[in-house]
There are 2 protein chains.
Amino acid sequence: MPKKATAQETALKSVRKMLASGKLKPGQQIIQDALASRLGVSRVPVREALKTLQAEGRVIHDPHRGYFVAELNAEDLSEIYHLRSILEDEAIRIGVPKATPADVVAIKGFHDEGLAAAAKGDVNQMATLNRKFHMAIYRLCNEERLITMIENLWDSLDAYRVLFLTDSSNRERTNDDHAQMIQAVKQKDVKESLKIQSAHREHALKTIKHLLSAFAQTD
Amino acid sequence: MPKKATAQETALKSVRKMLASGKLKPGQQIIQDALASRLGVSRVPVREALKTLQAEGRVIHDPHRGYFVAELNAEDLSEIYHLRSILEDEAIRIGVPKATPADVVAIKGFHDEGLAAAAKGDVNQMATLNRKFHMAIYRLCNEERLITMIENLWDSLDAYRVLFLTDSSNRERTNDDHAQMIQAVKQKDVKESLKIQSAHREHALKTIKHLLSAFAQTD
DNA sequence: CAGTCAAACTTTGTATAAAAAGTTTTTATT
DNA sequence: AATAAAAACTTTTTATACAAAGTTTGACTG
């Protein structure tokens with residue numbers, strides 16, 4: 001049986017979910033007491049969960065003032081996407097040549113599930129599967145630390161990803177790109193994989209920046 | 001005036017120092033109570049400091065068993081050096097072309113101080129200045145997140161760096177490499193900078209791996 | 001004598017409460 | 001009415017205490 005998780009572990013999971021779903025919004029203060037009683041635990045494990053998120057850059061800690069959900073400006077977004085391109089390109093260079101037919105089937109599986117979610121209009125599920133799809137490709141490189149870093153970067157963008165997938169044209173484009181990507185991986189074509197991924201990212205960055213500046217005006 | 005640090009902040013600093021100096025050794029359990037009374041604080045802020053280090057991968061947390069100093073095997077070392085090369089190369093590509101004469105003077109300053117420390121045989125001071133030297137170069141890229149990631153990777157290697165600098169031939173070689181590097185940066189020669197840095201890292205990795213396997217036999 | 005169980009012990013995990021810092025509101029003064 | 005000081009309030013930070021889990025020791029059993 002899976003042994004019981006500690007309060008801090010469940011707290012961390014919950015807060016991650018709240019960040020991803022937008023229940024906690026960028027810039028917002030996280031009142032420890034409110035969060036703790038919401039989760040039915042004391043403030044101590046909540047604080048430990050927040051410390052982890054702070055180290056990952058997802059929340060900002062201002063001593064004696066508290067924890068705030070990290071806010072990304074256009075420059076931050078550029079930096080994160082830049083880091084993603086550096087690390088993801090490397091993961092592809094190492095991993096794609098090693099892709100087995102079974103790997104391709106697994107990757108295609110996530111794509112197919114994603115299409116189903118898209119048909120049902122379940123944006124949250126789409127986001128989850130989109131991530132699984134891409135991470136399955138990066139995981140081919142088999143370098144644990146590299147993979148973890150890429151995951152952290154994706155985490156930082158969680159709050160902004162929902163924004164992106166809200167637009168149906170983005171959803172369509174995403175699915176098209178994925179289909180192309182599967183072909184490239186299947187053929188172990190590193191160069192083509194890099195090209196598709198890069199275009200995919202650039203489009204997302206541009207769109208999110210655009211949405212962000214539109215959003216900023218209404219503040 | 002600089003406002004008073006919180007207990008968790010001072011605890012974090014202290015533990016970092018203990019990890020870097022080898023007072024806390026890889027694999028060793030960190031007894032929270034002992035550490036807390038040593039630092040004159042309660043266990044709560046100590047645990048928060050450890051959470052941060054856990055997120056950075058410098059300690060391992062095993063629920064209900066405790067925190068242990070992270071141990072790196074040969075594979076971990078390879079991965080970390082691999083990540084370093086990816087990120088540091090990028091920092092050089094972006095930063096070196098932007099180096100101003102003032103930057104070069106500052107970088108050379110760390111090198112000169114390092115030579116002085118070497119003459120005095122102060123290995124700890126050498127390690128500190130070695131790091132300042134390299135980070136000053138990486139900082140030229142001006143990408144905050146990229147720099148932070150590189151710093152984290154250097155942190156992970158702290159416990160093993162002392163090992164490396166204990167050998168006088170490594171210290172000499174390090175100083176020679178630095179002198180060459182300063183020339184390359186001064187001339188804004190990206191290609192040459194990359195070459196020197198890469199050789200520098202490869203040498204260190206090989207040496208540390210060698211020392212590690214020699215060390216493992218005595219366990 | 002090896003293996004298992006239970007009690008004693010150690011260490012971690014979390015709740016609670018008190019202390020410290022920061023923020024807001026109120027009151028007093030010019 | 002505007003500003004400054006102080007009081008009230010909120011929230012964070014840390015110490016303490018208790019609960020829970022893991023480890024060790026030693027007695028008992030086959």
Side-chain angles (χ1 to χ4, degrees), chain A residues 1-19 23-71 159 219, chain B residues 1-19 23-71 159 219:
Chain A
M1 96 208 112
K3 79 174 142 209
K4 194 168 61 181
T6 58
Q8 45 177 306
E9 287 171 325
T10 56
L12 181 56
K13 257 198 193 168
S14 301
V15 180
R16 279 194 200 288
K17 207 163 269 176
M18 288 189 207
L19 287 168
K23 188 152 245 162
L24 287 172
K25 288 184 187 57
Q28 181 184 345
Q29 177 166 15
I30 300 173
I31 304 291
Q32 299 169 14
D33 211 12
L35 185 56
S37 50
R38 198 169 185 296
L39 302 177
V41 297
S42 81
R43 289 211 309 287
V44 176
V46 165
R47 287 173 62 85
E48 296 193 1
L50 290 171
K51 261 283 161 273
T52 299
L53 293 167
Q54 182 197 355
E56 291 172 7
R58 308 207 54 197
V59 304
I60 304 290
H61 178 112
D62 196 350
H64 297 294
R65 289 196 59 240
Y67 290 88
F68 299 81
V69 181
E71 253 178 315
D219 262 0
Chain B
M1 98 206 112
K3 78 175 142 203
K4 196 169 59 180
T6 59
Q8 46 177 305
E9 286 170 328
T10 57
L12 181 56
K13 258 196 193 169
S14 302
V15 180
R16 278 193 201 287
K17 207 163 270 176
M18 289 187 208
L19 287 169
K23 188 152 245 161
L24 288 172
K25 288 184 185 57
Q28 183 185 344
Q29 176 167 15
I30 299 173
I31 305 291
Q32 299 170 15
D33 214 10
L35 184 56
S37 50
R38 198 169 185 296
L39 302 176
V41 298
S42 80
R43 261 175 335 115
V44 176
V46 165
R47 287 173 62 87
E48 296 194 359
L50 290 171
K51 260 286 161 274
T52 299
L53 293 166
Q54 183 197 354
E56 290 172 6
R58 308 207 54 197
V59 303
I60 305 290
H61 178 87
D62 194 350
H64 296 294
R65 289 196 59 238
Y67 290 89
F68 299 81
V69 180
E71 252 178 316
D219 261 2

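Within every chain, numbering begins at 1; the chains are lettered A, B, ... in the order of the sequence lines, protein sequences first and strands thereafter. What you are looking at is a predicted structure, and each value in this text was computed from that prediction instead of being measured.
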Base, sugar-phosphate or nothing for [X]? Non-hydrogen atoms, less than 4.0 Å.
{"X": "A:Q8", "result": "sugar-phosphate"}
{"X": "B:Q32", "result": "sugar-phosphate"}
{"X": "A:L50", "result": "nothing"}

Quickly work out the [X] [atom1] to [N] [atom2] distance and round it to whole Å.
{"X": "A:Y67", "N": "D:dT10", "atom1": "OH", "atom2": "P", "result": "22 Å"}
{"X": "B:H61", "N": "D:dG22", "atom1": "NE2", "atom2": "C1'", "result": "13 Å"}
{"X": "B:D33", "N": "C:dT10", "atom1": "CG", "atom2": "P", "result": "12 Å"}
{"X": "B:I31", "N": "D:dG22", "atom1": "CD1", "atom2": "P", "result": "16 Å"}
{"X": "B:R47", "N": "D:dT13", "atom1": "CZ", "atom2": "P", "result": "17 Å"}
{"X": "B:K51", "N": "C:dT12", "atom1": "NZ", "atom2": "P", "result": "12 Å"}
{"X": "B:D62", "N": "C:dT11", "atom1": "CG", "atom2": "P", "result": "16 Å"}
{"X": "A:R65", "N": "C:dG22", "atom1": "CZ", "atom2": "P", "result": "10 Å"}

Shortest side-chain distance from [X], nucleotide among [options]:
{"X": "B:K4", "options": "C:dA21, D:dT23, C:dT12", "value": "C:dA21"}
{"X": "B:H64", "options": "D:dG22, D:dT13, D:dA15", "value": "D:dG22"}
{"X": "B:Q29", "options": "D:dT12, C:dT11, C:dA15", "value": "C:dT11"}

Quiz item: Is there a donor and acceptor pair, one atom on the side chain of B:R43 and one on the base of C:dG13, closer than 3.5 Å?
Solution: yes
Quiz prompt | Closest approach of A:Q8 to A:A49 (non-hydrogen atoms, all atoms of both residues) | solution = O-CB, 4.0 Å
Would you say that [X] contacts [Y] through its side chain, given a criterion of any heavy-atom pair below 4.5 Å between the two side chains?
{"X": "B:E56", "Y": "B:L53", "answer": "yes"}
{"X": "B:E48", "Y": "B:T6", "answer": "no"}
{"X": "B:K13", "Y": "B:L39", "answer": "no"}
{"X": "B:L50", "Y": "A:K51", "answer": "no"}

Practice problem: Find which nucleotide of DNA chain C each of A:P63 and A:G40 is nearest to by heavy atoms, and output the residue with the more 5' nucleotide. | Solution: A:G40
Quiz item: Does a nitrogen or oxygen in the side chain of A:S42 sit under 4.0 Å from OP1 or OP2 of C:dA15?
Solution: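 Looking at the OP1 and OP2 atoms of C:dA15, one of them is under 4.0 Å from a side-chain N or O of A:S42.
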